[in-house]
Participant: 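Take a look at the following structure, please.
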There are 2 protein chains.
Amino acid sequence: MSDDLATRLREQGLRLTPQRELILRAVEELRHATPDEVLAHVRGQVSSVNASTVYRTLEVLEELGLVRHTHLSDRAPTYHSTLEHEHVHVVCRRCRRVRSYDPDLVAPVVAALAADGFAMDVGHLAIFGECADCGHPPEPT
Amino acid sequence: MSDDLATRLREQGLRLTPQRELILRAVEELRHATPDEVLAHVRGQVSSVNASTVYRTLEVLEELGLVRHTHLSDRAPTYHSTLEHEHVHVVCRRCRRVRSYDPDLVAPVVAALAADGFAMDVGHLAIFGECADCGHPPEPT
DNA sequence: TTGGTTGCAAAGTATTTGCAACATG
DNA sequence: CATGTTGCAAATACTTTGCAACCAA
């Protein structure tokens, strides 16, 4: 997987650096992390890595297809490794819990949109709502 | 509809102001607008309205259920009036075009998640992907 | 008159960019 | 050793907040 990084970078005339390795590994380990969280993680591990490097690297890694991002909050984007199989994110607004669903969940939507000539990006999808069994009490009805 | 505004505000002990009327009307007219676009629109029409007022007002209007927002780009949120019937947003990453779909599109997803005790927020959903017939040429395969 | 509302300016958070020093291939 | 990369600092985009003046009810 780090080999993959080296390979893909080389293909694009880009270079393998310790920062890029660290950041990719951080995304893989954290599962779902914002740029800030990635930064904190790599800093905890090694030398001082700069925030701009994190942003620039996440962009590169995404172009290389090694990471992806979705929006699990109204704030910063969340990155995850493409080593995980593709999944749909379902997040509860109340308890903030994030569940991953198999792409099957939205297969009918993919099909319907495909019929309209639209190729849906399943991995980017974030579905919001509220779960019944979340830690927080339900709103009075 | 402006009556609705007055009514709902009063119910909450809030007040009807020209700014609030203008901003609500701007959202209705613009169909899909970011806070910035709303600001530009109301400024074009009347006196000087402040950006903070736009943010604060959009928040109030959303709490009152008169507007809603979704994220149609990685940047600012997009607001729309709830006078429009609820719809799902489908946006092409290449040509940036936004199409509105009937909630029926995602009915199977709503049902599947409901079975898991999750109440999906359909109006907030934004589906990304690429349309075949967008102005831009397809990427080489 | 009371208390919600606005404008203004400053602060805050998230992200981007220019550029010189640096390090990979 | 050529060119991609990084760190740093400043700039930018977007949003929030404190507060005094203001105005709707």
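So that the names make sense, note that chain A is the first sequence line, chain B the second, and so on, each numbered from 1.
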Participant: Find which nucleotide of DNA chain C each of B:V60 and A:E59 is nearest to by heavy atoms, and output the residue with the more 5' nucleotide.
Facilitator: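 Going by which nucleotide is closer to the 5' end, it is B:V60.
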Participant: Is any side-chain heavy atom of B:M120 closer than 4.5 Å to a side-chain heavy atom of B:L125?
Facilitator: yes
Participant: Ignoring the backbone of B:Y55, work out which of D:dT15, C:dG4, D:dG7 is nearest its side chain.
Facilitator: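 Shortest atom-to-atom distance from the side chain points to D:dT15.
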Participant: Round to a whole Å and report the spacing from CG of A:D36 to C1' of C:dG12.
Facilitator: 13 Å
Participant: Using whole Å, report how far CZ of B:R43 lies from C1' of C:dC8.
Facilitator: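 Checked: the CZ to C1' distance equals 11 Å.
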Participant: Round to a whole Å and report the spacing from CD of A:E11 to C1' of C:dG25.
Facilitator: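 From A:E11 CD to C:dG25 C1': 16 Å.
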Participant: Hey, does the side chain of B:T53 come within less than 4.0 Å of C:dG7's phosphate (OP1/OP2), counting only N and O?
Facilitator: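 So the side chain of B:T53 is within the cut-off, an N or O lying under 4.0 Å from OP1 or OP2 of C:dG7.
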Participant: Of the candidate nucleotides C:dG7, C:dT15, C:dT13, which contains the atom at the shortest distance from the side chain of A:A76?
Facilitator: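 From the listed options, C:dT15 comes nearest.
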Participant: One thing to verify: whether B:D121 and B:R68 come together as a salt bridge, which I'm taking to mean a side-chain N less than 4.0 angstrom from a carboxylate O.
Facilitator: yes
Participant: From C-beta outward on B:L16, which listed nucleotide comes closest to its side chain: C:dA14, D:dA25, D:dT6?
Facilitator: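 Among C:dA14, D:dA25, D:dT6, the one nearest the side chain of B:L16 is D:dA25.
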Participant: Could you work out which one of D:dT16, C:dT15, D:dG7 sits closest to the side chain of A:P77?
Facilitator: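 Output: C:dT15.
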Participant: Tell me what A:S52 touches on the nucleic acid: a base, only sugar-phosphate, or nothing, going by heavy atoms under 4.0 Å.
Facilitator: base
Participant: Aromatic rings B:H87 and B:H80: how do their planes relate, parallel, tilted or perpendicular, breaks at 30° and 60°?
Facilitator: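 Ring orientation of B:H87 relative to B:H80: tilted.
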Participant: Is A:Q19 near enough to D:dG7 that one of its side-chain N or O atoms lies under 4.0 angstrom from OP1 or OP2?
Facilitator: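 So the side-chain polar atoms of A:Q19 do come within 4.0 Å of the phosphate oxygens OP1 or OP2 of D:dG7, strictly under.
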Participant: Identify, between B:A51 and B:T17, the residue whose nearest nucleotide on DNA chain D lies closer to the 5' end.
Facilitator: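 Taking each residue's closest nucleotide, the earlier one in sequence belongs to B:A51.
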Participant: Side chain of B:R15, base of C:dG3: donor and acceptor closer than 3.5 Å?
Facilitator: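 Counting by modelled atom types and ignoring angles, a donor-acceptor contact under 3.5 Å is found here.
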Participant: Write down the distance between CZ (B:R56) and P (D:dT15), rounded to a whole number of angstrom.
Facilitator: 14 Å
Participant: Is the A:H124 ring parallel, tilted or perpendicular to the A:H69 ring (thresholds 30°, 60°)?
Facilitator: perpendicular
Participant: For B:R20 and C:dT5, give me the distance from atom CZ to atom P, rounded to whole Å.
Facilitator: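 Atom-to-atom, B:R20 to C:dT5, this comes out as 4 Å.
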Participant: Please state how far atom CG in A:L58 lies from atom C1' in C:dA14, giving the value in whole angstrom units.
Facilitator: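 The answer, rounded to whole Å, is 13 Å.
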Participant: Consider the side chain of A:N50, meaning its heavy atoms from C-beta on, and name the nucleotide among C:dA9, C:dT15, D:dC8 that approaches it most closely.
Facilitator: D:dC8
Participant: For side chain to side chain contact (heavy atoms under 4.5 Å, CB included), just list the numbers for B:L14 and B:R20, CA-CA rounded to whole Å, side-chain angles, deciding distance to a tenth of an Å, and then say yes or no.
Facilitator: CA-CA 11 Å; B:L14 303 178; B:R20 287 178 173 166; 4.0 Å; yes
Participant: To the nearest Å, give me how far apart CD (A:E62) and P (C:dT15) are.
Facilitator: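 From A:E62 CD to C:dT15 P: 13 Å.
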Participant: Nearest whole angstrom, please: distance from the C1' of C:dG4 to the CG of B:L9.
Facilitator: 11 Å
